[in-house]
S.K.: 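Below are the structure tokens for one structure; questions will follow.
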Amino acid sequence: MEQVKQSLQETVSKERESYKSVFLKKRSVCNRQSVYISGEIQKRIVQIVGVITNKQVSIGNFIDNVLEEHLGAHNDVLSALYREEMQKGIFNQPKEKDI
């Protein structure tokens, strides 16, 4: 039983370290862009990231890391959806009055 408990603790510890290495890392953001998010989400991110990293990682870094991971994890689906839309071509776009 003790061995199972220790194994679970090691798994949780590895998950924490993995999370930190992916999402809570500083990055160099050369070409900054403004993006709007809800105030509720922004407050949660500020609180979580601020406490966990002792304000060493910005919310912009965190959001950039999350989005990079999301885009990588869902690359196949996003690529397929993108190709589908591109195959429609410019002549199959809805007319302005249809929008």
Side-chain angles (χ1 to χ4, degrees):
M1 183 68 163
E2 187 63 34
Q3 188 177 9
V4 171
K5 194 175 185 180
Q6 184 177 1
S7 178
L8 287 174
Q9 288 174 338
E10 289 173 5
T11 300
V12 169
S13 179
K14 287 178 185 177
E15 287 176 1
R16 287 179 180 171
E17 290 307 311
S18 176
Y19 187 91
K20 284 177 163 180
S21 71
V22 171
F23 298 111
L24 299 174
K25 62 183 175 187
K26 284 187 176 182
R27 338 169 29 112
S28 175
V29 181
C30 299
N31 187 7
R32 294 176 169 230
Q33 301 293 316
S34 295
V35 176
Y36 295 99
I37 59 172
S38 72
E40 166 107 9
I41 295 294
Q42 189 264 354
K43 285 178 188 175
R44 289 171 62 191
I45 292 171
V46 166
Q47 185 175 19
I48 293 166
V49 174
V51 170
I52 293 173
T53 69
N54 198 24
K55 298 184 181 179
Q56 297 297 308
V57 175
S58 70
I59 65 167
N61 281 158
F62 177 76
I63 292 169
D64 208 49
N65 292 331
V66 168
L67 290 174
E68 180 179 42
E69 178 69 18
H70 175 85
L71 293 172
H74 301 285
N75 183 57
D76 293 342
V77 172
L78 290 168
S79 294
L81 291 169
Y82 182 83
R83 279 191 305 275
E84 286 174 18
E85 289 302 313
M86 291 303 291
Q87 286 175 352
K88 290 179 182 177
I90 60 172
F91 299 110
N92 294 328
Q93 297 297 317
K95 295 179 182 151
E96 209 171 297
K97 66 178 183 178
D98 294 338
I99 297 178

S.K.: Before accepting this row, confirm whether a basic side-chain N of the pair Glu85/Lys88 lies closer than 4.0 Å to the acidic partner's carboxylate O.
M.R.: yes
S.K.: If you count heavy atoms of other groups shown closer than 6.0 angstrom to CD of Glu10, is the number above 12?
M.R.: yes
S.K.: CG of Asp64 to CD of Glu68: how many Å apart, nearest 0.5 Å?
M.R.: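 If I round to the nearest 0.5 Å, the distance is 7.0 Å.
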S.K.: Is there a side-chain contact between Asn65 and Glu69 (heavy atoms, below 4.5 Å)?
M.R.: no
S.K.: How long is the span from the CD atom in Gln47 to the CD1 atom in Ile52, to the nearest 0.5 Å?
M.R.: 10.0 Å
S.K.: Could you give the distance from CG (Asn61) to CZ (Arg27), rounded to the nearest 0.5 Å?
M.R.: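 Result: 7.5 Å between the selected atoms.
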S.K.: Side chains of Ile63 and Ile37: closer than 4.5 Å at any heavy-atom pair?
M.R.: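 Answer yes - side chains close enough.
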S.K.: So how far is it from Ser21 OG to Lys14 NZ, rounded to the nearest 0.5 Å?
M.R.: 13.5 Å
S.K.: Are there more than 12 heavy atoms of other residues, nucleotides or ligands under 6.0 Å from atom NZ of Lys25?
M.R.: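 Correct, the count exceeds 12.
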S.K.: Quick one: pull up CZ in Arg44 and OG in Ser38 and give me the separation to the nearest 0.5 Å.
M.R.: 8.5 Å
S.K.: Would you check if the side chain of Thr11 reaches a backbone N or O of Ser7 as a donor-acceptor pair within less than 3.5 Å?
M.R.: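 Checking the backbone N and O of Ser7 against the side chain of Thr11, a donor-acceptor pair under 3.5 Å is found.
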S.K.: For residues Val66 and Leu78: do they belong to one hydrophobic cluster (side chain heavy atoms under 4.5 Å, members Ile, Leu, Val, Met, Phe, Trp, Tyr)?
M.R.: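 Each belongs to a different hydrophobic cluster.
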S.K.: Pick one: which of Ile48, Leu67, Leu24, Val46 meets side chain to side chain contact (heavy atoms under 4.5 Å, CB included) with Phe62?
M.R.: Leu24
